[in-house]
Amino acid sequence: MSRADIHPTPPSELPEGWRLEGRRALVTGGTRGIGRAIVEQLLGFGCRVFLVARNQSELDERVGEWQARGYPVDGFAADLGREADRRRLVDWLAGQVEALEILVNNAGSNLRKPFLDYRLEEYEALMRLNLTAAFRLCQLTFPLLKNAGSASVVNIASVAGLTHLPTGAPYAISKAGLIQLTRNLAVEWAEHGIRVNCIAPWYIRTPLTEGVLSQPEYRSRVLARTPLGRIGRPEEVAGLAVFLCLPIAGYISGQTIAVDGGFLCKGM
Ligand SMILES: NC(=O)c1ccc[n+]([C@@H]2O[C@H](COP(=O)([O-])OP(=O)(O)OC[C@H]3O[C@@H](n4cnc5c(N)ncnc54)[C@H](OP(=O)(O)O)[C@@H]3O)[C@@H](O)[C@H]2O)c1
């Protein structure tokens with residue numbers, strides 16, 4: 001699906017279980033890469049989308065483009081590594097909606113180093129964004145998710161949370177934490193009608209991975225490990241994120257699904 005065509009099928013023509021019109025969604029890190037693709041697909045399915053990222057001008061540009069095309073979307077600038085910003089974000093959201101059907105914890109970052117080279121502040125900063133932000137946004141948005149009657153949380157982890165990769169240990173630890181957070185909350189919040197699932201991508205072409213994938217030797221190593229023989233596209237992660245939010249996915253909770261071109265299955 002191209003960016004210029006995010007309405008592949010008018011939502012009203014889809015069967016009931018495949019529709020999301022009018023659902024309200026919060027997507028973190030929605031201005032670029034995977035988050036941007038998730039916002040676009042949710043808009044295409046008729047959701048009202050709220051997105052958050054730090055860079056105000058990029059946020060304004062993205063939101064402006066979507067609003068100009070008639071989509072119901074709003075942006076909020078916040079650094080999710082900071083508790084005060086998380087609270088400001090959720091206060092802002094609660095001022096606009098009484099319920100939230102979809103929360104996508106996507107914002108994340110990385111700093112690659114050998115284990116012994118990480119300074120404590122670097123480790124803590126990665127954990128604050130990649131894990132604590134999702135933990136706290138789940139807590140802070142709970143009243144809104146509960147009010148929805150039926151809600152879906154999607155956490156974007158990584159295959160690095162499931163097996164060793166040369167991404168650096170803090171990133172992998174944070175993603176493994178997100179995978180277990182998914183399992184715990186899926187059980188604890190089932191009684192509130194809230195499903196919680198997780199996606200574990202392998203290499204997806206986004207600004208985050210541009211640097212490493214532009215190194216020919218590294219790229220060849222990645223492709224050699226990928227049965228489908230190519231790098232993934234943001235829309236291919238976004239498609240699963242949207243599917244997990246659909247009514248038809250209503251019996252799926254606590255799962256971590258890899259979008260990895262077969263990577264995790266490949267042995268020698
Ligand atoms: N790309 C891959 O190959 C891949 C593979 C596995 C997992 N993932 C995971 O998928 C998620 C998205 O990755 P991506 O490749 O799409 O990343 P990306 O292209 O770097 O985009 C990251 C998004 O998050 C926002 N963001 C970053 N730090 C933030 C902060 N402190 N507070 C609020 N927003 C913040 C960015 O906007 P601002 O900079 O303006 O804040 C941007 O919108 C991450 O959790 C990543 O770990 C990616």
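Just so you know, ligand 1 is whichever comes first in the structure, and atom 1 is the first atom listed for that ligand.
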Practice problem: Determine, stepwise, if the pair V39 / Y71 fulfils side-chain contact (heavy atoms from CB on, under 4.5 Å). | Solution: CA-CA 11 Å; V39 171; Y71 291 111; over 6 Å; no
Ligand 1 atoms in contact with [X] (distance to a heavy atom under 4.0 Å):
| X | answer |
| --- | --- |
| G29 | 23 (C), 24 (O), 25 (C), 43 (O) |
| S158 | 6 (C), 7 (C) |
| P207 | 19 (O) |
| Y203 | 3 (O) |
| T31 | 37 (O), 42 (C), 43 (O) |
| G108 | 44 (C), 45 (O) |
| K175 | 44 (C), 45 (O), 46 (C), 47 (O) |
| P201 | 5 (C), 6 (C), 7 (C) |

At under 4.0 Å between heavy atoms, is it the side chain or the backbone of [X] that contacts ligand 1, or both, or neither?
| X | result |
| --- | --- |
| A78 | backbone |
| R36 | neither |
| A157 | backbone |
| T209 | side chain |

Quiz item: How far is atom 29 (C) of ligand 1 from its nearest protein heavy atom, and which residue and atom is that?
Solution: R54 NE, 3.4 Å
Quiz item: Which residue supplies the protein heavy atom nearest to atom 21 (O) of ligand 1, what is that atom called, and how far is it?
Solution: R32 CB, 3.9 Å
Quiz item: Under a 4.0 Å N-O cut-off, is there an ion pair linking R221 with E217?
Solution: no
Are the side chain of [X] and the backbone of [Y] linked by a donor-acceptor contact shorter than 3.5 Å?
| X | Y | value |
| --- | --- | --- |
| D85 | A78 | no |
| Y171 | N130 | no |
| N155 | A157 | no |

[X], any N or O under 3.5 Å of ligand 1 N or O:
| X | result |
| --- | --- |
| Y171 | yes |
| S109 | no |
| I204 | yes |

Quiz prompt | Any side-chain heavy-atom pair of F243 and I248 under 4.5 Å | solution = yes
Practice problem: State, yes or no, whether a side-chain contact exists between C138 and W189 at a heavy-atom distance under 4.5 Å. | Solution: yes
Which residue from [options] reaches closest to [atom] through any of its heavy atoms?
| atom | options | result |
| --- | --- | --- |
| atom 32 (N) of ligand 1 | N55, V27, L80 | L80 |
| atom 4 (C) of ligand 1 | I34, T206, T28 | I34 |
| atom 20 (O) of ligand 1 | L208, D85, V52, L59 | L208 |
| atom 10 (O) of ligand 1 | N130, V39, I156, D79 | I156 |

Self-check item: R82 atom CZ: more than 12 heavy-atom contacts under 6.0 Å
Solution: no
Self-check item: Candidate pair L59 and L51, rule side-chain contact (heavy atoms from CB on, under 4.5 Å), full reasoning
Solution: CA-CA 8 Å; L59 192 62; L51 63 133; 3.5 Å; yes
Quiz item: Do V97 and R48 pass the side-chain contact (heavy atoms from CB on, under 4.5 Å) test, and can you show the C-alpha distance, the side-chain angles, and the key distance before you say yes or no?
Solution: CA-CA 10 Å; V97 294; R48 178 175 176 197; 3.8 Å; yes
Exercise. Evaluate the criterion side-chain contact (heavy atoms from CB on, under 4.5 Å) for residue pair W92 and D74; output intermediate values, then yes/no.
Key: CA-CA 11 Å; W92 169 78; D74 283 293; 3.9 Å; yes
Quiz item: Of all heavy-atom pairs between R24 and E98, which one has the smallest distance, and what is that distance?
Solution: NH1-OE2, 3.1 Å
